[in-house]
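Right, one structure below, let's go through it.
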Amino acid sequence: MKKILITRKLIKESEDKAAKTFDPIFNSNDELYSQPKVIEMSKGCDGILSSLTDKMDQETINQLPDTIKIISNFAVGFGNIDLDAAKKRGITVTNTPEVLSDATAEIGILLILGACRRAAEGIESAKVGGWKWSADYLIGKQLTGTRLGILGMGRIGQKIAKIARSLGMIIHYHNRSKLSEDKELGAVYHKDIKSLFSVSDVLSICCPATKETENMINKETVEFFPKGAIITNVARGDIIDDEALIDALNRRKIYAVGLDVYKNEPNLNPGYLQIKSAFILPHLGSATKDTRIAMANLAIDNIDDFFKTGNCKNKVN
Ligand code: DGY
């Protein structure tokens, strides 16, 4: 049986499956392992089932034992892993696409609703009490008839588009390539981000974090939006230059944000905490029991397939 280091505690059903499939090393206290600890604990292992909290950078990967042949990431995103460094060491990297698209799209919609309808301010007022209803109290942006720009029209983007359309939003998108008409369902394609941002009353960021998308929301691009636009991010914090966005929020160029992901999680830029209109969540995208089990089971299957067949359909490097 292959020996696998599982860096974070999984839901019981998935740990039971792992125990039937491999000889696993579990993390029963769910300790957040340091990089040296991951290197140390992976001695004698054939693979690692990692999570987005494990920073598998070049330095870490270069020190992994030669026996490690696969890093199976328990996430669709894999920005925490240096793919080139892994490839150079002959280590396959896999992810868990599809199974979390619905849950993540739900949070994407929650971010849009929360930011547009001033949920952060509303929750705060309701808790403090003594709020006074009036005709213009906490007036927000109505979704019906509002243009939603989607940056990255993969599975999650398409699901967000579907729900947003049912709420009366008008969908625009930018993607590396234009979708076929049956997938577009009337959404308007924009070849470049300037064109997309200029029609986005609300933006939903759904694209992967790559070298190309890093800091795509920055000092220059924030000016492309209509005044008072709303930016939401369900993908990865690396896509936003926080200082530029916080500055745009303070100037009211951008009216509100809905964020689930951040650079340097869990230490988000404190500037966001000063912004009343910031609707912020602690990376809940895939946080439903069914989804977390499906993700972990897929991460286990990825390792199993790889050792049985020498290949794996969710290989990303
Ligand atoms: C992912 O899988 O990349 C999600 O962000 C996890 O919640």
Side-chain angles (χ1 to χ4, degrees), residues 6-11 13-14 18 27 30 32-33 48-57 70-83 86 92-112 114 150-160 163 203-214 216-217 231-240 242 257-268 279-303 312-317:
I6 303 183
T7 62
R8 298 297 304 269
K9 188 171 168 58
L10 305 176
I11 289 175
E13 284 87 335
S14 301
N27 178 354
D30 203 21
L32 212 51
Y33 294 151
I48 301 175
L49 196 155
S50 59
S51 98
L52 56 86
T53 54
D54 299 303
K55 196 161 184 258
M56 304 297 270
D57 56 10
I70 180 166
I71 299 172
S72 172
N73 210 35
F74 172 45
V76 66
F78 40 83
N80 56 311
I81 304 176
D82 187 324
L83 298 184
T92 290
V93 179
T94 60
N95 72 340
T96 61
E98 291 177 40
V99 291
L100 46 59
S101 303
D102 290 346
T104 308
E106 287 172 10
I107 289 290
I109 292 292
L110 179 61
L111 295 177
I112 295 169
I150 298 189
L151 181 61
M153 199 58 143
R155 297 179 197 93
I156 296 168
Q158 286 175 46
K159 182 76 195 238
I160 289 178
I163 304 171
L203 182 77
S204 176
I205 302 175
C206 305
C207 58
T210 61
K211 287 193 182 86
E212 292 73 44
T213 61
E214 189 176 356
M216 209 171 221
I217 303 293
I231 296 181
T232 68
N233 187 5
V234 76
R236 282 293 181 266
D238 294 330
I239 299 159
I240 295 179
D242 293 323
V257 284
L259 306 174
D260 187 44
V261 287
Y262 310 88
K263 280 200 171 98
N264 305 320
E265 289 180 15
N267 305 311
L268 65 161
F279 179 69
I280 54 179
L281 297 175
H283 203 147
L284 298 182
S286 61
T288 69
K289 189 174 179 196
D290 287 351
T291 295
R292 287 282 162 82
I293 291 174
M295 287 165 68
N297 290 356
L298 183 53
I300 292 166
D301 287 341
N302 285 339
I303 300 175
C312 173
K313 75 173 173 26
N314 297 316
K315 186 172 189 293
V316 292
N317 70 337

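As a basis for the values below, the full set of heavy atoms in this structure was taken, side chains included, without hydrogen atoms, waters or symmetry mates. When a ligand or atom number is given, it counts from 1 through the structure's own listing order. Just so you know, these numbers come straight off a predicted model, no measurement behind them.
At a heavy-atom cutoff of 4.0 Å, ligand 1 is surrounded by Leu52, Ala75, Val76, Gly77, Leu100, Arg236, His283, Ser286, Arg292, Met295.
Nearest heavy-atom pair, Ser50 versus Ile71, reported as atom, atom and distance to 0.1 Å: OG-CG2, 3.3 Å. The shortest heavy-atom contact between Ile239 and Cys207 is CD1-O, 3.3 Å. Taking each heavy atom of Ala235 and Val261 in turn, the nearest pair found is O-CG1, 3.5 Å.
Between Asn233 atom CG and Asp238 atom CG the span is 9.5 Å, to the nearest 0.5 Å. Rounded to the nearest 0.5 angstrom, Lys315 NZ and Lys313 NZ are separated by 15.0 Å.
Among Asn95, Asn80, Asn314, the one residue that satisfies the side-chain hydrogen bond (donor to acceptor under 3.5 Å, both in side chains) test with Asn73 is Asn80.
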